[in-house]
Amino acid sequence: MSDTPAVPLLDTVDAGTGRRAALAEAALLWEALFRNGVRLAFALQPEPDVSVVIVARDARHLLALTLYRLCTSQALAGVSFEVVLVDNASGPETRALYERLDGVTLIENATNTGFGPACNAGAARAQGRFLLFLNPDVDLLPGALAAMVATFRDHEGAGIVGARLVFPGGVLQESGAGFRDDAQLTHPFGRGNADPFAPEHAATRDVGYVSGAVLMIERSLFESLGGFDPLFAPAYFEDTDLCLRCHQAGRRVIVQPRATAIHYENATSARREEVEALLDRNRARFLDRHRASLFEQGPQPRGGGFLDHDPWRLRVLYVDDRVPHLDLGAGLPRANAILNAMAGLGYAVTFFPNYEADADEARRYRDLDERIEIAYASGDDGFARLIQERRDHYDVLWVSRPHNILFVTQALHAAGLDPRRFVRSKVIFDSEALFALRDFVTEAATSGSATAADLAWQAERETRLFGLADAVVCVSPAEARVLARYSACNATVLGHALALPEAPTPDFAARSGFVFVGALAREGQPNVDSLDWFFGHVWPLVRARLPEAALTIVGGIAPEIRERYAREPGVRVTGRVPRTEPFLDAARVFLAPTRFAAGIPHKVHEAVARGLPCVVTPILADQVGWADGTGILVRDWRDPKPFADALAVLHEDAGLWRSVREAGIEKISEDCDADAFAAAIRALCEAQVVA
């Protein structure tokens, strides 16, 4: 999508202005190095992870800036690296810099051999497992090297990895590139976008090629491919050709936006007319070699767009309220698991947050797979643009929660479409948490009675659009029963996915106290209602039996609610935390005194997976479908004393505690198996092929 955030993240300037400012800074740096007698000393690395190969021909100021940035950031790189500098017959002004370099392998060519041959010469002297070909006019931002190296580890089959390139001044230069059968042939993705953080360019993804300005490749692969082909010397298309040969060798070319670099571009090039002549010549040579593999076989580009180097990937558009993080509750941890499982299955996933998204890219991706495209929260206008730009792009539409289902169907109707005409294969509606069921239980809990007629009316109203879907999923057997009765659909239950900790969690003696985890954003929410009841009726009874009892409350919380709970004896309120595991591992008992709720309690699953037994109410036991004593003790909230007794006994009785814990871990292994969860998603998303 080409949408931009409501408030620009950067006050960018045009690339020309940015380049002029950078050239001025580079000239000042050059003078400072020489006037002050400063040397650029790289720490020697006997077995470097990466060999940074730089080919230079004049442009002394920017070369000095590139080396200075690289040198001063060596401690921040995250991986060890060496520098191999190949000089292609620069003038004496540029060569004067080399006398001030320490720890650099220097190759000085008597003539200009061209970019590719010079890179090959540098690679022959390299010692690292990975080669990073770096232009002499590039500023690598912190962590870029480590992010690129990690891509080879985290993405099976990765052969070449490139960076997100940004012009000085903040305008996006490119985030990978693709091919189109036109006069230009090669098309950088996102070039000229004033928002370098644009969602479609922030996800890690396979591309046709990446720029040789910042190109990393395993040394062994580079050698097996024969390096850069001298056919393209002196310059242009040798990097594109290398990427195509990488594809043909069965390896992937990936752009890694976590690796960001400022690229001054063409600052070291010859005159423009010479550049154009070389581009035209080498474009023809490239097409002579690769046209058949690019444009004359295999699936063609969708909608006449860029050539897709992974045309068989399933494309999914997923719509929910906001970017789903594990620390938010309200069903969002389940959405987090679904999205990450889809990415793990190899799907190309776009997530559209209808209401809210983290402002910073780092926050958006803090617990989501980096391959997922996370759109800005741009509401009606943003979704209308998505419909216009990406019709017939997606195979699967997955919409979570009834109000978002209504939103999506109305937006499609306004565009003259229905869900099935927008996507190629399947429409999946996820009920997530039926308000009808929650409201019914709430009414029964607060007033003592509720009518089946009200439940039927609201459930039918809430699910009236479910018949437009090819499949409907829900979170629990309880909700499946409601859907079976009040909606014309066959619902599939899709709960949670949790992996048990690799290392054993603390045993009974190493734990103490109680813990509650949940969002407490406003009055009247189920979590707030449950704790108000708990402090009014149960906590005094627990403290009477265990005077030193302590309770930790974890989760985002409104200030007035925090102040109220913090006054309770033995209570500590943390607010939102980046990770709940330390708190779950420290406590001995998890409490979930929920009186009304819909969906499925991820917090109970998470606690039990960490080896932490829970005391819960019958509504939660029904949602998870577990018997009393299997990871949980079940006590009715309508009788506070047994609830308090269960908390105290579970806290003090090691034998009971271990029995409940072990049964719960076994149940988690059955109900929340990540492989079974992914298999269920695959069965939902991948349409059956009828012979």
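All values below were derived from every heavy atom in this structure, side-chain atoms included, with hydrogens, water molecules and symmetry-related copies excluded. Just so you know, residue 1 is the first one in the sequence shown, and it goes up from there.
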Measure the spacing between CD of E606 and CD1 of I668 and express it to the nearest 0.5 Å.
10.0 Å

Looking at every non-hydrogen atom in both residues, tell me the closest pair between A663 and G629 and how far apart they are.
CB-O, 3.8 Å

State, yes or no, whether a side-chain contact exists between C474 and V493 at a heavy-atom distance under 4.5 Å.
yes

Quick check for you: to the nearest 0.5 Å, what is the distance between L498 atom CG and R334 atom CZ?
12.5 Å

Are L368 and V323 packed together at the side-chain level, in the sense that at least one heavy-atom pair is separated by less than 4.5 angstrom?
yes

Does atom CZ of R366 have more than 12 heavy-atom neighbours, drawn from other residues, nucleotides or ligands, at distances under 6.0 Å?
yes

Mind checking whether F535 and Y565 have ring centres under 6.0 Å apart?
yes

R588 to F508 six-membered ring, cation-pi geometry met (6.0 Å, 45°):
yes

Neighbour count >12 (heavy atoms, 6.0 Å) for atom CD, E523:
yes

Salt bridge present between R390 and E373 (N-O < 4.0 angstrom)
yes

With a cut-off of 6.0 Å (strictly less than), are more than 12 heavy atoms of other residues, nucleotides or ligands near CZ of R638?
no

Taking all atoms of both residues into account, what is the closest heavy-atom pair of A621 and I632, and its distance?
CB-CD1, 4.0 Å

Look at D645 together with K641 and state whether they make a salt bridge at an N to O cut-off of under 4.0 Å.
yes

Could you tell me if N354 and D320 have a donor-acceptor pair between their side chains, going purely by distance under 3.5 Å?
no

Check whether any side-chain N or O of D369 sits under 3.5 Å from a backbone N or O of A343 as a donor-acceptor pair, and report yes or no.
no

Where do L397 and V399 land on the side chain to side chain contact (heavy atoms under 4.5 Å, CB included) test, with the steps shown first?
CA-CA 6 Å; L397 172 65; V399 189; 3.7 Å; yes

Output, in order, the C-alpha distance, side-chain angles, deciding distance and verdict of side chain to side chain contact (heavy atoms under 4.5 Å, CB included) for Y318 and V396.
CA-CA 8 Å; Y318 193 115; V396 175; over 6 Å; no

Answer yes or no: is there a side-chain heavy-atom contact under 4.5 Å between F422 and L386?
yes

Measure from the side-chain N and O atoms of D673 to the backbone N and O of A497, and report whether any donor-acceptor pair falls under 3.5 Å.
no

Checking the side chain of R313 only, and the main-chain atoms of G346 only, is there a donor and an acceptor separated by less than 3.5 Å?
yes

May I ask you to check whether over 12 heavy atoms, not counting those of E670, lie within 6.0 Å of atom CD?
yes

Does the ring center of F352 lie less than 6.0 Å from the ring center of F383?
yes

In a check of side chain to side chain contact (heavy atoms under 4.5 Å, CB included) between H651 and each of V589, V542, L656, which one passes?
V589

Atom pair OG/CD1 of S400 and I405 - distance to nearest 0.5 Å
7.5 Å

May I ask you to test the I428-V472 pair for a side-chain heavy-atom distance under 4.5 Å?
no

Ignoring hydrogens and geometry, is there a side-chain-to-backbone donor-acceptor pair from D360 to A362 under 3.5 Å?
no

Side chain to side chain contact (heavy atoms under 4.5 Å, CB included), that's the test. Do V624 and H605 meet it? Break it down for me.
CA-CA 8 Å; V624 297; H605 281 149; 3.9 Å; yes

Only one of V319, L317, V427, L684 forms a side chain to side chain contact (heavy atoms under 4.5 Å, CB included) with W398, so which one is it?
L684

If I take atom NZ from residue K603 and atom CG from residue L326, how far apart are they, to the nearest 0.5 angstrom?
15.0 Å

So which heavy atom on A357 is nearest to which on A375, and how close?
CB-O, 4.3 Å

Classify the side-chain pair H496/D671 by whether it contains a donor and acceptor separated by less than 3.5 Å.
no

Main-chain N/O of A203 paired to R205 side chain as donor or acceptor, under 3.5 Å
yes

How far apart are the C-alpha atoms of R421 and D392, what are their side-chain angles, what is the distance that settles it, and do they pass the salt bridge (charged side-chain N to carboxylate O under 4.0 Å, His left out) test?
CA-CA 8 Å; R421 290 175 60 204; D392 204 35; over 6 Å; no

Using side-chain heavy atoms (C-beta onward) and a distance below 4.5 Å, is Y347 in contact with E686?
yes

Do the side chain of R511 and the main chain of A587 share a donor and acceptor less than 3.5 angstrom apart?
yes

Give me the atom names and distance for the closest heavy-atom approach of S669 to L500.
OG-CD1, 3.2 Å

On a heavy-atom basis, the closest approach of P419 and T409 is CG-CG2, 4.0 Å

Are a donor atom and an acceptor atom from the side chains of D321 and H403 found within less than 3.5 Å of each other?
yes

Just by modelled atom types, is the R258 backbone N or O under 3.5 Å from a matching donor or acceptor in the Q256 side chain?
yes

Counting N and O atoms only, with roles assigned by atom type, does the side chain of S659 sit under 3.5 Å from a partner on the main chain of G655, one being a donor and the other an acceptor?
no

Closest non-hydrogen atom pair between A147 and T151, with its separation
O-OG1, 2.8 Å

Report the distance from atom CG of D529 to atom OG1 of T594, rounding to the nearest 0.5 Å.
9.0 Å

What distance separates E370 CD from N340 CG, expressed to the nearest 0.5 Å?
11.0 Å

With side chains defined as the heavy atoms from C-beta onward, is the minimum distance between L591 and F534 less than 4.5 Å?
yes

Can you tell me if R661 uses its side chain to pair, donor with acceptor, with the backbone of T630 under 3.5 Å?
no

Counting only N and O atoms by type, is there a donor-acceptor contact under 3.5 Å from the side chain of R315 to the main-chain atoms of R424?
no

I665 versus R610: any side-chain heavy-atom pair under 4.5 Å?
no

Salt-bridge contact D470-K426 (side-chain N to carboxylate O under 4.0 Å):
no

Any chance you could lay out the side chain to side chain contact (heavy atoms under 4.5 Å, CB included) test for R371 and V349, step after step, and finish with the verdict?
CA-CA 8 Å; R371 292 169 289 185; V349 183; over 6 Å; no

Taking the side chain as every heavy atom from C-beta outward, state whether F514 and V615 have any atom pair closer than 4.5 Å.
no

Measure the acute angle between the ring planes of W637 and W533, then classify it against the limits of 30° and 60° as parallel, tilted or perpendicular.
perpendicular

